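One structure below.
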Amino acid sequence: MYKRLLIVGFLIILALSLSAKPRIVILATGGTIAGSASGAAQASYQPGVLSIQQIIASVPDIEQLAELKGIQVCNISSQNMEERIWLELFKTIDNLFTHDLCDGVVITHGTDTMEETAYFLNLTVRHTKPIVITGAMRPATSLSADGPFNLYNAVALASSPEAQNRGVMVVMNDYILSADDVTKTNTVNPNAFSCPNYGPLGIMRDGLPIFFRESPFRHTASSEFNITNIVSLPKTEIIYSYAFASDVAINAIVDSGADGIVVAGVGHGNYNRAISKGLEKAFARGIMVVRSSRIAAGGVDQAAEEYDTRWPVSYNKNPQKARILLMLALTKSKDSKEIQRIFKEY
Ligand code: GLU
């Protein structure tokens with residue numbers, strides 16, 4: 001009798017666990033996915049208008065994928081992203097995963113700084129559960145809004161057991177893109193994102209992921225960056241290099257009290273004499289300098305003749321990602337060799 005009860009109990013638990021849908025939390029931050037225009041074919045619109053509840057309601061069949069809970073973190077255009085919101089996103093996700101309150105997280109986000117939020121969380125949330133970021137290039141009121149399908153795919157991906165421990169992923173236009181390489185490469189087209197160095201991680205098809213590759217870099221659960229008790233991050237800036245650049249911007253950055261500077265160099269991370277002089281000043285004041293490039297692919301390594309080998313290089317992290325990695329690296333060390341080690345591993 002006791003044995004039979006045990007078997008029935010086991011079967012009930014098995015049935016429940018098989019039928020239970022994954023619990024996915026959607027953290028909404030605004031952007032075009034929440035945007036509204038006065039006409040269905042109009043190019044101009046206002047981002048960050050619709051609530052997460054309105055967005056979820058606009059996606060047919062999404063509730064069949066997962067047990068959804070929407071949280072409105074903010075409703076902004078992502079060019080106005082703030083450090084405070086990054087820290088809030090980190091804390092919220094860390095808390096959800098630590099206490100097993102959900103199985104995956106989706107973030108809706110403006111596309112302008114989506115790659116930066118993705119990389120920040122990729123380096124700081126030390127868990128294996130899926131984190132997927134999505135958005136839209138066309139507002140929700142558009143004739144062929146891309147947001148609903150992007151959100152559907154993002155929830156489907158976050159619900160998939162195959163999405164575990166792959167780092168933070170961006171899902172846009174059916175592509176699954178890794179936070180360490182994804183960048184916005186078109187200002188207006190719905191196919192706006194790519195991974196210029198490594199290509200996409202995979203694609204979404206029929207609500208399921210098909211993965212082609214894994215990220216070769218440390219991320220999420222294997223990250224060494226513990227920001228649990230951090231209330232403000234080191235200040236890092238980017239200096240852009242171009243033909244006959246003056247010393248105005250570099251001097252202003254050096255005098256601003258920055259902790260680190262990333263050079264968005266020309267070509268293989270190069271810069272002219274005016275910037276070089278400013279960087280010398282930075283070095284003398286103990287400001288860490290990392291060389292990156294304004295070129296989309298190929299990266300910057302130590303194998304060139306034209307620069308100062310004292311500065312660590314960013315490899316294939318673009319300047320905006322290098323700035324975030326430098327910010328976090330400086331929470332651990334101010335030694336250029338150690339900073340270089342970090343840039344190699346992340
Ligand atoms: N500039 C806005 C933002 O990044 C709208 C662009 C978008 O979401 O595509 O939030």
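Ligands are counted one by one from 1 in listed order, and the atoms in each one are counted from 1 as well. Each residue takes its place number in the sequence, starting with 1. Because the structure is a prediction, the values reported are computed rather than measured. As a basis for the values below, the full set of heavy atoms in this structure was taken, side chains included, without hydrogen atoms, waters or symmetry mates.
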Tell me which protein heavy atom sits closest to [atom], plus the residue, atom name and distance to 0.1 Å.
atom                   : result
atom 9 (O) of ligand 1 : T111 OG1, 2.4 Å
atom 2 (C) of ligand 1 : Q79 OE1, 3.4 Å
atom 1 (N) of ligand 1 : D112 OD2, 2.6 Å
atom 4 (O) of ligand 1 : S78 OG, 2.6 Å

Is there any N or O on [X] that sits under 3.5 Å from an N or O of ligand 1?
X    : result
K184 : no
S77  : no
A136 : yes
T113 : no

Within the 6.0 Å centroid threshold, strictly below: F90 and F120: no

Mark up the atoms of ligand 1 that fall under 4.0 Å of a heavy atom belonging to [X], in ascending order.
X   : answer
G31 : 8 (O), 10 (O)
T32 : 5 (C), 6 (C), 7 (C), 8 (O), 9 (O)
Y45 : 5 (C), 6 (C)

Within 45° of the ring axis of Y198 and under 6.0 Å from its six-membered ring centre, is that where the NZ or CZ of R213 lies? no

Of the non-hydrogen atoms in I339 and L330, which two are nearest, and what is the gap between them? CD1-CD2, 4.1 Å

Shortest non-hydrogen contact from A282 to I261?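 For A282 and I261, the tightest heavy-atom pair comes out as CB-CD1, 4.0 Å.
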
Could you see if L68 belongs to whatever hydrophobic cluster contains L151? Use Ile, Leu, Val, Met, Phe, Trp, Tyr and a side-chain cutoff under 4.5 Å.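 Yes, same cluster.
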
CZ of R341 to CG of D335: how many Å apart, nearest 0.5 Å? 10.5 Å

Which is it for E116 and K321 under the salt bridge (Lys or Arg N to Asp or Glu O under 4.0 Å) test, yes or no, and what are the steps along the way? CA-CA 6 Å; E116 293 172 57; K321 285 187 206 291; over 6 Å; no

Assess, by modelled atom type and distance only, whether the side chains of S276 and E280 contain a donor and an acceptor separated by less than 3.5 Å. no

